[in-house]
Amino acid sequence: MKRFYITTTLPYVNADPHVGFALEIVQADVIARWHAMRGDEVFFNTGTDEHGLKIYRGALAAGLNPKSYADAHAAKYDELKSALHLSYNNFIRTTDSHHVQAAEEFWRRCAERGDIYKKNYQIKYCVGCELEKMESELEDGRCLLHPHLEIEQVDEENYFFRYSRYRDELLEFYAKNPEFVVPKNRMHEMVKFTERGLQDFSISRLKSKMPWGVPVPGDDAQVMYVWFDALVNYVSAIGWPDDFKKFNSFWPGVQTAGKDNLRQQASMWQAMLLSAGLPLSKQILIHGFITSAGQKISKSLGNTISPFDYIEEFGADALRYYLLREIPTLDDGDFTHEKFLARYNADLANGLGNQVQRVTAMVEKYLDGKVTYKFSHACPPYAFPRKQFAREGKYEQEKYCRSLTAGFGRRGLKVKYGGGGTLQARVNAAVQSYQLDQALAAIWAKIAECDKRVDDEKPWVLAKDAGEKEHLRKLLGGLVADLQEIGHALTPFLPQTAESILKVVNAPKIIPPEAPLFPRKAI
RNA sequence: CGCGGGGUAGAGCAGUAGCAGCUCGCCUGGCUCAUAACCAGGAGGUCGUGGGUGCGAAUCCCACCCCCGCAACCA
C-alpha cells in the first residue's frame, strides 16, 4: 500500500479563518480524499502558527497571555474541519511541546552543519507584516499594507541562517525535478530567483524584546524567529525527530501554499532541509489568490469573505464546489456573491440537484422505485481498504476510510463504466495534474449528457406505451447507474452530497431525496 | 535594460498559422419526468495598438500601450 502525506501551510492565528485559507485546505482535502479512495494510507496535516511578535502584542492588547490568546484562535481554525467536512487527521500547533522540541533539534542540526552564525542585524520592520521592509516598499516611511503602524528600526545581534550556501544545490535539485513546484511558471520564477543568488536570513530575535518564541538552544537571550520554527512543523507533524518509522514512511510529502509563500516553501524551507540533512519535499503546489470583483481582499477595504457565512446559508459542499470549480486550482480567481449564486443555481440546483430529482422521480413513478440494471464493472476492492487497515491495527486510518465510504454499501459501490475513457478516468487524470476545476467540469459534462438523453428519449412518452416497458427500464436503469458513477466521482470533492446521492440511488426502492439537494435560491 | 504572468462576446476563460470557440448571463422556440428546472436555436467579438512575414495570423517577428504578481522571508 502506498503512503501519501499532504500538508497545508499553517495559518498565522492573529485573525479568523478567511476564504483564502478555506481554498487552500479544501484543495488539499480533495487531494487527500482522492488518494484515500485509491487505497493509499493518507496523512493529512494542517494546524496553526502561533509564535511571533504579532501574536505577542495581540495577546498583550487583549490582556491575555499569549498561549490563551492563541488557544482561542486555534479553536476557530479547527472549527473549519466540521464546517467544511475536512478529512485532515492531524492538527498541529507550533506551541505543541513535541513541535517545540523538534524545532530545537532542527536548529541544532543546522548549527552542527555550520549554517548558523551571529551577526548584527539592522532593518526597518513592519509589525503588521512581521516582515523586513526595503526602502522601495515604503511610502512616506510607512508600510503600504499597514500605514497605520509605525515602522520599527531593529538593530540587534541575531542568528543568521547560511542560506547563500545552498544556491547551487537548490538549482541542481530544481533541474532534476522540474515538477517540484507546480504550476510551471512558479517553478520558473523560483529558478530565476535562485540564480540571482541567495542572501542569508535572520532566524532569531532578542528574547528581551520578544519572548514569545521557541528558545534558541544554548542561548537564553534569543528565541527563534517565527518562520524558522513554523516551517519545521511539516516534519514534526509526522514524528520527526523521535518517531523515525513514521517519519520515514510519510516523508517526503506534498505541500500546498499560496503564491505569497512560494519562497518560504520552495526555497528557504528546502535549504533548511538540506542543512539538516533531510530529504527535500516531494512537491509544492502553489495556488493563487482570491479577489473579490477583481479587488484584493483586505480588512481595510472591508471586503473580506467569511467561509462560515456561506456554509451557513448554502452548506459546506456549495462552498467547496465554488472554491474548487470557479477558482482555477493553481491560479488566481474571483469570489463575489453574484458569482456564487450563479454557480450555485446553474450547477448545483439546476444541474446536479435537478438531475437527481428528475431521475429518481421517474423511477418511482414509472417503475415503482425498482430498477434492474447490469453493472459492467464493480468499483475495485482496493478502493475500500478499510478492512485491511483494521487487520493492521491502523484504526485511525480505518475510521477515516469508513467516513469516506459511508453510504457505499457493504460490498462497495458498483459503478457502471462506459466504454473508452470513463468519467472516473477523466477525473483521475485531472486530479493527478492538479486541475481540480477540470475534474469537476468533466463530471458536469456527464450531467449535461444525462439531461440531454432524458430529453431525447422522452421517458414520459415511453411510460404510456406498454410495449416500451423494456426500453424504459433500460433507459432509467442507465440513468441511475450514471448517477452512481457521478456520485462516486464526486466523493472527494463534495463528500456529503456524494453520500446523499449514493444513498438514494443504492436504496432497494428508489425515491427522490426527502429534500432537494440544493434548493434553488432567488437572486 | 531587475524577474515573471496577462490583455479574445456583458462576465469568466479555451484556442500557437487553415471558416473565432466554451461556460454563465440575455432573447426566441420546444418539452412537461424534474427544483420556473431540462433541450434546441439565436443575438453579441475591429482577438490591447501599429507595422512586418505568409496564399492565409488571435496564433510567428518587430515596436508600443495597458493591467497584475514578485523584487529576500504579508492571506
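The structure displayed is predicted, hence computed values, not measured ones. In what follows, chains are A, B, ... by sequence order, proteins preceding strands, each numbered from 1.
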Do [X] and [Y] make the cut of ring centroids closer than 6.0 angstrom?
X	Y	value
A/Tyr159	A/Tyr117	no
A/Phe340	A/Tyr310	yes
A/Trp107	A/Tyr225	no
A/Phe314	A/Tyr344	yes
A/Tyr321	A/Trp444	yes
A/Tyr77	A/His73	no

Between [X] ([atom1]) and [N] ([atom2]), how many Å, whole number?
X	N	atom1	atom2	value
A/Phe193	B/rC3	CZ	C1'	11 Å
A/Lys464	B/rC33	NZ	P	7 Å
A/Asp437	B/rA14	CG	C1'	12 Å
A/Lys259	B/rA71	NZ	C1'	14 Å
A/Glu195	B/rG2	CD	P	17 Å
A/Met187	B/rG5	CE	C1'	16 Å
A/Ile290	B/rC68	CD1	P	19 Å
A/His188	B/rG2	NE2	C1'	13 Å

Which is more 5' along RNA chain B, the nucleotide nearest A/Gly20 or the one nearest A/Lys365? Just name the residue.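 The residue whose closest nucleotide sits nearer the 5' end is A/Lys365.
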Which is more 5' along RNA chain B, the nucleotide nearest A/Arg186 or the one nearest A/Asp456? Just name the residue.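 Counting from the 5' end, the first nearest nucleotide belongs to A/Asp456.
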Taking atom [atom1] in both [N] and [M], compute the distance separating them and give it to the nearest angstrom.
N	M	atom1	result
B/rG12	B/rG50	P	23 Å
B/rG2	B/rU46	P	36 Å
B/rG4	B/rU8	C1'	22 Å
B/rG51	B/rA11	P	26 Å
B/rC24	B/rA14	C1'	15 Å
B/rA37	B/rU32	C1'	11 Å
B/rU49	B/rU59	P	11 Å
B/rG5	B/rG44	P	36 Å

Tabulate protein N/O versus nucleotide N/O from nucleotides 20-31 of chain B, keeping only pairs under 3.5 Å, one per line.
unit_1 : atom_1 : unit_2   : atom_2 : d
B/rG30 : N2     : A/Asp455 : OD2    : 3.4

Sugar-phosphate, base or nothing in reach of [X], heavy atoms under 4.0 Å:
X	answer
A/Ala361	sugar-phosphate
A/Ser267	nothing
A/Leu23	nothing
A/Leu262	nothing
A/Pro459	nothing
A/Gly258	nothing
A/Phe518	base

B/rG48 glycosidic torsion: syn (within 90° of 0) vs anti: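 B/rG48: anti glycosidic orientation.
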Does the Lys NZ or Arg CZ of A/Lys54 fall within the cation-pi geometry relative to A/Tyr12 - under 6.0 Å from the ring centre and within 45° of the axis?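 No - A/Lys54 does not lie over the ring of A/Tyr12 by the 6.0 Å and 45° rule.
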Closest to side chain of [X], choosing from [options]:
X	options	value
A/Trp227	B/rC38, B/rC73, B/rU35	B/rC73
A/Lys192	B/rC33, B/rG4, B/rC73	B/rG4
A/Lys452	B/rU35, B/rA40, B/rA72	B/rA40
A/Asp451	B/rC38, B/rC73, B/rA71	B/rC38

Could a donor-acceptor pair under 3.5 angstrom be found where the side chain of A/Asn354 meets the base of B/rA37?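 By the distance-only test, no, there is no pair.
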Residue pair A/Trp227 / A/Met268, side-chain heavy-atom distance below 4.5 Å: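 Heavy-atom side-chain distance check fails, nothing below 4.5 Å.
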If you define the side chain from C-beta out and look only at heavy atoms, does anything of A/Tyr234 sit under 4.5 Å from A/Ser281?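 Not in contact.
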Dot-bracket for RNA chain B, 5' to 3', with Watson-Crick and G-U pairs under 3.5 Å, [ ] for crossing pairs and | for other-strand pairs: what is it? .(((((((.[[[[.)..(..]]]].(((((.......))))).....[[[[[..)....]]]]])))))).....
Results of side chain to side chain donor-acceptor pair (under 3.5 Å) for A/Lys509 - residues two or more places apart only: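 So A/Lys509 forms a side chain to side chain donor-acceptor pair (under 3.5 Å) with A/Asp368.
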Go through the side-chain N and O atoms of A/Asp437 and A/Thr329 and say whether any donor and acceptor fall under 3.5 Å apart.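 Yes, a side-chain donor-acceptor pair sits under 3.5 Å.
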Looking just at side-chain N and O atoms, do A/His99 and A/Ser236 make a donor-acceptor pair shorter than 3.5 Å?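 The criterion, which ignores hydrogens and geometry beyond distance, is satisfied for A/Ser236 and A/His99.
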